[in-house]
Protein chains: 2
Amino acid sequence: MTEKAMPSPEAIKAWARLMRVSRQLIERAEEALKDSGLPPLDWYDVLHELAEAGEGGLRPFQLTERTLFAQYNISRLLARLEADGLVEKLKVADDGRGQTIRITAKGRETRRRMWAVYGRSIAELVGAKLSADELSTVSALLGRLRLPPAPD
Amino acid sequence: MTEKAMPSPEAIKAWARLMRVSRQLIERAEEALKDSGLPPLDWYDVLHELAEAGEGGLRPFQLTERTLFAQYNISRLLARLEADGLVEKLKVADDGRGQTIRITAKGRETRRRMWAVYGRSIAELVGAKLSADELSTVSALLGRLRLPPAPD
DNA sequence: TGACGATTGATGCGAATGCATCTATATTCA
DNA sequence: TGAATATAGATGCATTCGCATCAATCGTCA
């Protein structure tokens with residue numbers, strides 16, 4: 001009996017839509033950034049977190065918690081960001097193993113320019129397609145799919 | 001004036017949820033497959049299309065249309081699938097450039113075993129979290145985000 | 001027919017990813 | 001205290017991806 005706990009047709013369809021639409025949207029947003037000569041989305045995610053963190057910066061492991069990047073990906077992404085002068089690594093941690101990552105002025109500027117393009121993509125791809133109520137419905141329903149499930 | 005056409009808070013939140021949740025779900029589904037010693041999700045997508053296509057098979061370019069893989073990714077993915085004996089490339093096309101890809105018995109069997117795991121993931125991650133009505137709502141709303149937007 | 005542009009699919013190369021492991025420092029606890 | 005364990009972050013290696021390009025064939029049209 002191999003057919004145990006198989007998903008309902010509604011679940012399969014919702015899953016399929018989620019997979020396909022998310023890929024399409026990412027592709028489009030990525031394309032818009034590239035067309036503007038800007039870095040990829042991954043960079044934005046990290047720069048966004050660091051910009052919100054302010055002057056205090058963040059430890060790399062905090063970035064792995066807030067984003068969904070693997071530890072080694074954060075490590076390498078930060079190396080690239082540093083090489084581009086968008087972040088700086090501060091050795092001054094009270095933990096000898098760690099470091100604090102702080103966004104630079106250039107990093108903030110890059111993030112701002114990325115947002116001009118990224119934000120427009122979001123507005124066009126999502127904001128223009130559904131009403132505010134519908135968007136809130138989507139957010140609420142997707143929120144219940146989060147792992148671990150959280151309120152809000 | 002740089003602030004033109006920026007997305008509403010609802011749009012931003014819906015986008016963020018979509019990005020985050022889809023990544024989490026993919027990660028979980030991928031992990032489940034790996035834990036079972038099965039190939040990655042990408043393989044499933046292609047095997048699924050080929051299984052539905054039946055004995056007639058599909059041309060590689062048809063696969064790039066139906067999936068969201070780039071042409072060169074399909075080319076290489078098919079090479080790996082062929083190396084594993086899951087598909088076969090039939091030179092017998094009436095188009096001298098092309099080939100027809102057909103799933104093998106082993107390919108069908110692999111797909112079946114993948115579905116046992118993948119389907120369970122979908123049931124747990126999505127089917128168990130929302131009602132059938134809610135799932136249909138999600139499908140309908142996400143459907144309006146497709147590119148190009150389509151009815152349904 | 002025959003030259004030209006379009007289409008199909010593959011591939012060389014550099015960059016990014018996944019996995020496992022490594023070094024270094026911190027923490028815990030006998 | 002000191003040995004064992006845990007945590008932070010980097011890295012070697014193999015695989016995969018992205019990009020550009022290529023070879024081969026097809027279709028079109030003068």
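Below, chain A is the first sequence line, B the second, and so on; all start at residue 1.
With rounding to whole Å, B/L63 atom CG is found 19 Å from C/dT7 atom P. At whole-Å resolution of the value, NZ in B/K89 and P in C/dT8 are 16 Å apart. Put simply, CZ on A/R59 is 13 Å from C1' on C/dA24, counting in whole angstrom units. Rounded to whole Å, the distance from CG on B/D94 to P on C/dT8 is 13 Å. The NZ-P distance, from B/K34 to C/dT17, rounds to 14 Å in whole Å. A straight line from CG of A/L78 to P of C/dT17 spans 12 Å, rounded to a whole angstrom. When rounded to the nearest whole Å, the span between CD1 of A/I74 and P of C/dA16 equals 14 Å. Between B/D95 atom CG and C/dA6 atom P the separation is 17 Å, expressed in whole Å.
Here C/dG18 is the nucleotide among C/dA10, C/dT8, C/dG18 with the atom lying nearest to any side-chain atom of A/Y72. Side-chain proximity of A/R80 to the nucleotides C/dA16, C/dA10, C/dA26 is greatest for C/dA16. Checking C/dA10, C/dT17, C/dT8 against every side-chain atom of A/N73, the shortest atom distance belongs to C/dT17.
Using cut-offs of 30° and 60° on the angle between ring planes, the pair B/Y44 and B/H48 is parallel.
Considering only heavy atoms from C-beta on, B/V46 comes within 4.5 Å of B/L78 through its side chain. Side-chain atoms of B/M19 and A/L142, non-hydrogen and from C-beta on, never get closer than 4.5 Å to each other.
Both A/D42 and A/G96 sit near DNA chain C, but only A/D42 has its closest nucleotide nearer the 5' end.
The environment of B/R28 atom CZ is sparse: at most 12 non-hydrogen atoms of other residues, nucleotides or ligands sit within 6.0 angstrom.
Here the shortest heavy-atom pairing between B/M114 and B/L47 reads SD-CD1, 4.4 Å.
In 5' to 3' order, the nucleotides of DNA chain D bounding all contacts with chain A (an atom under 4.0 Å from a heavy atom) are D/dT7 to D/dC19.
At distances below 3.5 Å, not a single donor-acceptor pair connects side-chain atoms of B/R102 with backbone N or O atoms of B/E88. A donor-acceptor pair is defined here as one N or O able to donate and one able to accept, closer than 3.5 Å; such a pair exists between the side chain of B/R146 and the backbone of B/G143.
Base contact: A/R76 has a heavy atom under 4.0 Å from a base atom. Among the heavy atoms of the strands lying under 4.0 Å from B/Q71 is at least one base atom, whether or not backbone atoms are also near.
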